[in-house]
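Single-structure report; data block below.
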2 protein chains.
Amino acid sequence: MENKENFGQAASPAARERPTLKTIAFMTGLGVTTVSRALKDAPDIGAETKERVRMVARQLGYQPNRAGVRLRTGKTNVIALVLSIDEEIMGFSSQMVFGISEVLSGTPYHIVVTPHSHSKDPMLPVRYILDTGSADGVIISRIEPDDPRVRLLTERGMPFATHGRTDAGLTHPFHDFNNEAFAHQAVERLVKRGRRRIALLQPPSKLTYYAHIRIGFQTGLHDYGAEEVPLRVNSDAPLADIRDVVEVMMRSPNAPDGIVCSAGSAAIAVNAGIEAAGKALGRDLDMVSKQSVPILNWIRPEIITVQEDVRQAGREMAKAVIARIDGVEPELLQSISQPIWPEGGR
Amino acid sequence: MENKENFGQAASPAARERPTLKTIAFMTGLGVTTVSRALKDAPDIGAETKERVRMVARQLGYQPNRAGVRLRTGKTNVIALVLSIDEEIMGFSSQMVFGISEVLSGTPYHIVVTPHSHSKDPMLPVRYILDTGSADGVIISRIEPDDPRVRLLTERGMPFATHGRTDAGLTHPFHDFNNEAFAHQAVERLVKRGRRRIALLQPPSKLTYYAHIRIGFQTGLHDYGAEEVPLRVNSDAPLADIRDVVEVMMRSPNAPDGIVCSAGSAAIAVNAGIEAAGKALGRDLDMVSKQSVPILNWIRPEIITVQEDVRQAGREMAKAVIARIDGVEPELLQSISQPIWPEGGR
DNA sequence: CATTTCTACTGTATCGTTACAGATTGCGCT
DNA sequence: AGCGCAATCTGTAACGATACAGTAGAAATG
């Protein structure tokens with residue numbers, strides 16, 4: 001019992017090595033197995049022993065070695081966040097990261113960010129994660145109605161949550177913003193201000209929420225008696241393009257008197273286009289925009305804004321993935337946040 | 001040689017398991033050790049054997065198991081990015097993440113984001129990383145002149161890079177923006193437009209670049225013959241506070257006719273304060289601001305902007321940490337990016 | 001021909017953890 | 001006394017990779 005064993009700092013008292021189960025086993029006089037099971041509160045370990053082990057562990061500042069756990073059990077304690085590099089102009093994804101990490105900070109999970117350009121194959125990062133087993137759960141965004149990533153992740157049984165919904169009979173955890181309600185209510189706000197000819201800066205049509213925005217917008221037009229002025233550009237386009245197209249539209253004889261904008265960064269370009277055409281918000285027209293970071297009102301207080309709380313989305317998705325990892329049914333892990341209009345929606 | 005061995009998919013051809021060294025060893029008829037050494041191009045392995053091993057490995061899509069490597073060697077293949085949650089309003093940190101991951105994408109490194117609120121102890125995440133050995137390298141920002149994190153990381157021999165410099169005889173890899181030149185040149189631009197009474201929205205005084213900004217600003221005032229109008233708020237303050245303070249300042253009899261602003265998000269609030277006081281940029285005063293995301297000019301084209309390329313900073317720091325991990329001397333891993341004024345600095 | 005030297009390869013132990021199959025003890029019951 | 005059984009605890013063998021200390025065979029040396 002004293003031949004070639006090595007008990008962490010027991011060997012060299014000065015160089016405090018990181019404690020392992022073996023260290024605790026040595027200190028308590030128990031076997032490593034017992035210590036391991038005591039720390040996970042297994043039923044076949046005595047109450048007093050558990051207490052003793054926990055005390056020593058706490059005292060030593062024991063933290064399980066992630067590589068050991070991962071090698072033995074396959075559990076990585078990692079949540080992978082797959083981000084599209086290009087979607088980002090205004091801190092959208094940082095807010096999401098912060099929201100996620102708020103939730104993860106109380107858990108053993110780490111967050112690994114896996115960015116990719118959506119000009120490349122969006123399946124690549126997902127396939128990498130699946131093939132290498134490098135995460136216990138995945139969070140993805142920019143969801144399409146029949147998203148191949150969702151299909152693949154489901155098929156392979158990898159827990160995940162999405163920012164946005166699918167639309168092809170796929171059941172999975174998600175968090176989404178109620179874009180339909182947003183667009184509908186946006187039209188309502190504009191009509192209440194006497195606007196009737198409304199343009200929509202919509203997301204790219206391949207994303208699921210394109211349809212949500214469209215439906216909300218169109219039922220809004222119908223319900224409140226307004227008409228659409230077509231806008232031939234989407235919110236993913238370069239800001240300069242958006243501005244130019246909006247400027248042309250605003251100079252044309254049938255310029256709209258209202259605009260609904262589905263992204264905060266795009267709203268900045270829309271505003272620039274409006275001003276370039278010599279029009280003024282609040283006078284010649286009104287604009288409603290969604291934003292994820294509250295800056296539009298600093299720029300033009302006249303813009304009617306709705307906050308989409310991306311940080312909250314991050315929190316929800318993190319909770320959902322973890323719950324999914326813990327075996328909770330996907331159906332129970334779906335949430336939709338409602339648009340909130342400042343000042344009671346005046 | 002055929003008792004209880006298990007060679008990956010050799011056992012069950014249908015269920016393609018992840019290949020390991022053992023799989024390759026089986027396929028090539030070599031020992032695992034040989035395969036391991038062949039893949040790392042060790043000198044004691046025959047050229048032909050190496051080629052054969054590499055072929056099979058490629059064919060199988062072999063990827064080393066990270067947990068195995070990490071457990072045995074201690075190498076995590078992780079770079080930890082420590083982010084301050086509060087510093088973020090406008091996509092600053094996302095850009096940094098993207099820059100870093102651009103560089104890491106060609107390497108075995110993953111990026112783990114470790115956010116923390118700077119109201120809490122900023123040492124916590126760093127200590128955690130050191131104590132658990134959860135990364136091979138660290139990237140930190142919001143550097144102070146005698147930053148305790150830098151001290152600790154250096155002392156413990158953990159490779160790292162900083163966004164910003166220290167000022168206490170500590171030698172370490174960093175990337176920084178030349179804030180001194182920025183402030184100096186900002187004053188120059190303002191004076192060239194006939195402005196002489198200049199206010200500075202400066203960073204919090206505890207950060208190192210506060211001094212850089214101050215020095216550049218003051219030598220600028222001196223060199224170009226202008227004077228400072230004091231501004232009693234810093235760029236970390238809530239936007240509403242900044243706006244209010246600026247508004248009061250702009251209404252006062254000795255309002256400045258120029259403002260230098262050291263952060264893009266703050267510039268938005270400064271602009272709001274100016275407009276709230278009934279003043280107009282370009283007419284009553286001019287403003288120069290640094291920005292990390294090009295949006296200020298969309299808001300007010302009159303704002304004179306300088307781009308601080310945070311994505312590039314991320315790239316530089318990622319390269320620096322990896323070089324440091326590979327043993328390159330810190331002295332060789334320091335870089336400073338110069339302010340670039342659009343249109344040749346008109 | 002015996003011995004050294006070199007090349008090319010291999011077995012074993014180990015990193016920290018956990019699954020699994022025991023082992024030990026005490027106690028009640030017949 | 002013998003047996004079964006529950007309550008506790010433990011040793012061993014993995015997980016996948018690599019450091020280290022070999023070994024086998026061929027070639028060079030004296």
Does a nitrogen or oxygen in the side chain of B:K22 sit under 4.0 Å from OP1 or OP2 of D:dG16?
no

Distances under 3.5 Å only, N/O to N/O: pair up the protein atoms with those of nucleotides 7-11 of chain D.
unit_1	atom_1	unit_2	atom_2	d
D:dC9	OP1	A:T49	OG1	2.7
D:dC9	OP2	A:G46	N	2.8
D:dC9	OP2	A:T49	OG1	3.0
D:dC9	N4	A:D44	OD2	3.2
D:dT10	OP2	A:G31	N	2.9
D:dT10	OP2	A:T34	OG1	2.5
D:dG11	N7	A:T33	OG1	3.2
D:dG11	O6	A:T33	OG1	2.8

Between D:dA17 atom P and B:Q63 atom CD, what is the distance in whole Å?
11 Å

State whether B:Y62 places a side-chain N or O below 4.0 Å from either non-bridging phosphate oxygen (OP1 or OP2) of D:dG16.
no

Shortest non-hydrogen contact between A:I143 and A:D147, atoms and distance
CA-OD2, 3.5 Å

Is there a side-chain contact (heavy atoms from CB on, under 4.5 Å) between A:I139 and A:H163? Walk through the geometry before answering.
CA-CA 8 Å; A:I139 294 177; A:H163 188 218; 5.7 Å; no

CD/A:E48: more than 12 non-hydrogen atoms of other groups inside 6.0 Å
no

Quick one: A:I24 CD1 to C:dG16 C1', roughly how many Å, whole number?
12 Å

Will you find, in the side chains of B:T166 and B:H172, an N or O donor that is under 3.5 Å from an N or O acceptor?
yes

Has the side chain of A:R72 got a donor or acceptor atom sitting under 3.5 Å from an opposite partner on the base of C:dT18?
yes

Might you confirm whether atom CE of A:M123 has over 12 heavy atoms from other residues, nucleotides or ligands at distances under 6.0 Å?
yes

Between C:dT17 (P) and B:R66 (CZ): distance, integer Å:
20 Å

For D:dT18, take OP1 and OP2 only and decide whether either is under 4.0 Å from a side-chain N or O of B:S36.
yes

Atom pairs and distances, donor-acceptor, side-chain atoms in residues 124-132 of chain A, under 3.5 Å, two or more places apart:
unit_1	atom_1	unit_2	atom_2	d
A:R127	NH2	A:D121	OD2	3.2
A:Y128	OH	B:H110	NE2	3.0
A:T132	OG1	A:Y128	O	2.7
A:T132	OG1	A:S134	OG	3.1

